[in-house]
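Just follow the structure's listing: the first ligand is 1, and inside any ligand the first atom is 1.
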Amino acid sequence: MSKTVTDNTLQAIISHAKEYGFVFPSSEIYDGLSAVYDYGPYGAQLKKNIRDYWWKSMTQMNDNIVGIDAAIFMHPTTWKASGHVDSFSDPLIDNKDSKKRYRVDHLIEAHADKLNEEAAKAADGGAALRDRAMKLLADMDTLLANDDFAGLGALIQDHKIQCSVSGTSNWTEIRQFNLMFSTELGSVAEDANTIYLRPETAQGIFVNFLNVQKTARMKIPFGIAQTGKAFRNEIVARQFIFRMREFEQMEMQFFVKPGTQKEWYEHWKNERMNWHLSLGIAADKYRFHDHVKLAHYADAALDIEYEFPFGFKEVEGIHSRTDYDLTRHQEFSKKKLQYFDTEINQHYVPYVIETSIGLDRMFLLILSNAYEEEQIQKEDGTTDARVVLHLPAKLAPIKLAVLPLTKKDGLPELAKALMDECKPSFHCFFEEKDAIGKRYRRQDAIGTPFCVTIDHQTKEDNTVTVRFRDSMQQERIPMSEVKALVLKHIA
Ligand code: ATP
C-alpha cells in the first residue's frame, strides 16, 4: 500500500473543519460575522487539549511558574499606562475607487508575493523580480520602523501597487486606526465610563504582579501564566481563524533581575520552540523571525513562524519587554510595583520576558499540519481515498473508537464494557452503525488515533482488533490491554 498527498489547501481545511464539527462561522444562520468563529464538538475538545497541554507545560512542569485567571474588563487607566490607548494602531490606506481598506504592511507584502510568483514563472529565472520584491520589503520595514507614512505612501505609488478590487492606484493618505474595542460600564448613560475589551491578556498579569508574588511567595526569576480571550478590531481579517476579532491567547510573563534579560530571552526562545517540536511537527515547518521594528516596550523580539498553507506566518511572539509595563503601572497607579531581592538586599522593578501564543492560531497550525488527503494504492491494484487528520494522539479530541462488528450476538455489550473501563481515563466514542470501513473513515476524518473492533472471536478469547490511524495496520490484542495501549500513547 502506498500513499500520496493530493491537496493541502486552506479551503479544503476550512470545509473539513466545518463538515466534521471543528469550526463553524459565528451565528451562521444570519450569514456569519466577519472574522468571528465558533468551535463545534470536536473543535472545542481539540482546543481545550491544546490549552491544557500549554498550561501543563508552563505551570506544572516549571516549579517557578504559576497561573492566574484575570478578568477581561480592566480599569481603563490600565490601557493608558500600557500605551494601547495612544499607540495600539495599524497604518491603514483606502482605495478611493473601490472603498476597500488595507493594512499598509499587508498591501505591500501581497505585492511582494506577486513579484515572487512572477519571478518563479519568468523565462530568465526572475532574479531581477526577486531582488525588487526583497528591496520592497526591506524599504517597508525601514519606513514602518520610523513611522514614515509619507514615505510608505510614496513607496506604494512608486511600485504602482493596485487595489485587488478596482485595479487602480487611487489611494488615500495613510492614517492610524486603534484596534481596541470599547464599551460602557454602568447602566446610566451619563455616568457610564468607557472601558475596553482587553486586546491582550498580558496586562492582567502585570497589574497582579505583587498580588501573585506575595501570595504565592514567588522568588525571582518566576513566571505568571494565563490563558483567555482577547479582542482586536482587525482591519483585514481573513485566512479563517488565523486572524480573528475575538480570539484566545496563552501568555506567560517571566520576571527576571535587570541585566539578566538576554539570557532568559534565549532560554524562552529555545523552550518554546522545543514545546512546538514536542508535538511531533517537523522542524523545517518552523523558523524564527527577528523583529526589525520593535514595539514601544521591547528591547528584543522575535516571532516563531510556521509554514501555514498560505506561507510562513507568526504563531507565537517572544518579547523582551524590559521594565516598561511595571514602571508605567507604577507611574499611573502611584503604587510601588517592586521586588525586594534578598540576595542583593535591593529593591528593583523586574524585567520581563514574554511568551505569547494565539490558541486559535495554534489550532489552525495543528489542523493544517494534520490534514491529509490520501490516495491509497491497494495490493490488488485498486485505489481508495481517505481524508485523515494525523493529530498528535495527546491532542486528538477522541482517543479511542470502540466498534462492535454487528449490532447483535452480545457484541455491543462487550463494547460497552470496554467503554466503561476506558471512559474515566480518556475520551472514547461508540458506534455500531454502518460497515466497519466507513466507520474507520469517519474516525480518520476527526483524527482518532485508535479504533478497536469487537467481533465474534472476542467472545471466545477476549481479544480485539486494534487499528492504527496513520499506518492503517491492524493488530489482535487482548481486550484487557487496550486501555494501557492508549494511555501509553497519550502520556
Ligand atoms: P500579527 O502581526 O499577526 O497581527 P501580533 O504581532 O500583533 O500578530 P501579538 O500582539 O504578539 O501579535 O500577539 C501574540 C499572539 O497572539 C500572536 O502570535 C498570535 O498567535 C495571536 N494573535 C494576535 N492577533 C490575533 C488575531 N487577530 N487572531 C488570532 N490570533 C491572534
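Ring orientation note: the planes of F181 and F231 are nearly perpendicular, at an angle over 60° on the 30°/60° scale. The aromatic rings of Y297 and Y324 sit tilted relative to each other, their planes meeting at an angle between 30° and 60°. Using bins of under 30°, 30° to 60° and over 60° for the plane-to-plane angle, the ring pair F255/F206 lands in the perpendicular bin. Using bins of under 30°, 30° to 60° and over 60° for the plane-to-plane angle, the ring pair W275/Y53 lands in the tilted bin.
Among the atoms of R243, some N or O lies under 3.5 angstrom from an N or O of ligand 1. Of the N or O atoms in D360, none lie within a sub-3.5 Å distance of an N or O in ligand 1. In terms of polar-atom proximity, defined here as any N/O pair under 3.5 Å, I241 makes no such contact with ligand 1. Not one N or O of I357 is nearer than 3.5 Å to an N or O of ligand 1, by distance alone.
Under 4.0 Å from ligand 1, the heavy atoms of Q249 that appear belong solely to its side chain. Under 4.0 angstrom from ligand 1, the non-hydrogen atoms of V315 all belong to its backbone.
Counting only heavy atoms of the protein, atom 28 (N) of ligand 1 lies nearest to M244 N, 2.8 Å. The closest protein non-hydrogen atom to atom 21 (C) of ligand 1 is G358 CA, 3.6 Å. Looking only at heavy atoms of the protein, atom 30 (N) of ligand 1 is closest to F247 CD1, 3.5 Å. Considering only non-hydrogen protein atoms, atom 19 (C) of ligand 1 sits nearest to R361 NH1, 3.5 Å. If you check which protein heavy atom lies closest to atom 8 (O) of ligand 1, you get E314 OE1, 3.7 Å.
Taking 4.0 Å as the cut-off, R232 counts as a neighbour of ligand 1 on heavy-atom distance.
Figure legend: cation-pi geometry between K100 and Y102, with NZ or CZ positioned under 6.0 Å from the six-membered ring centre and within 45° of its axis. Remark: K80 is not positioned above the aromatic ring of F332, lacking an NZ or CZ atom under 6.0 angstrom from the ring centre and at most 45 degrees off the axis. Taking the ring centre of F312 as origin, the terminal cationic atom of R287 falls inside the region bounded by 6.0 Å and 45° from the ring axis.
Proximity to S356 (heavy-atom distance under 4.0 Å) selects the following atoms of ligand 1: 13 (O), 14 (C), 15 (C), 18 (O). Set against the non-hydrogen atoms of F242, the atoms of ligand 1 under 4.0 Å away are 28 (N), 29 (C), 30 (N). The E316 neighbourhood of ligand 1 comprises atoms 18 (O), with distances under 4.0 Å to a heavy atom of that residue. Of all atoms in ligand 1, listed by their number and element, those nearer than 4.0 Å to a heavy atom of H319 are 11 (O). For ligand 1 and E234, the ligand atoms under 4.0 Å from any heavy atom of the residue are 24 (N), 26 (C), 27 (N).
Residue D69 places its CG atom among 12 or fewer non-hydrogen atoms of other residues, nucleotides or ligands, all under 6.0 Å distant. A 6.0 Å sphere centred on NZ of K269 holds more than 12 heavy atoms belonging to other residues, nucleotides or ligands.
Side chains of Q261 and S320: no donor on one and acceptor on the other come within 3.5 Å.
Salt bridge K18/E28: present, at least one basic N to carboxylate O contact under 4.0 Å.
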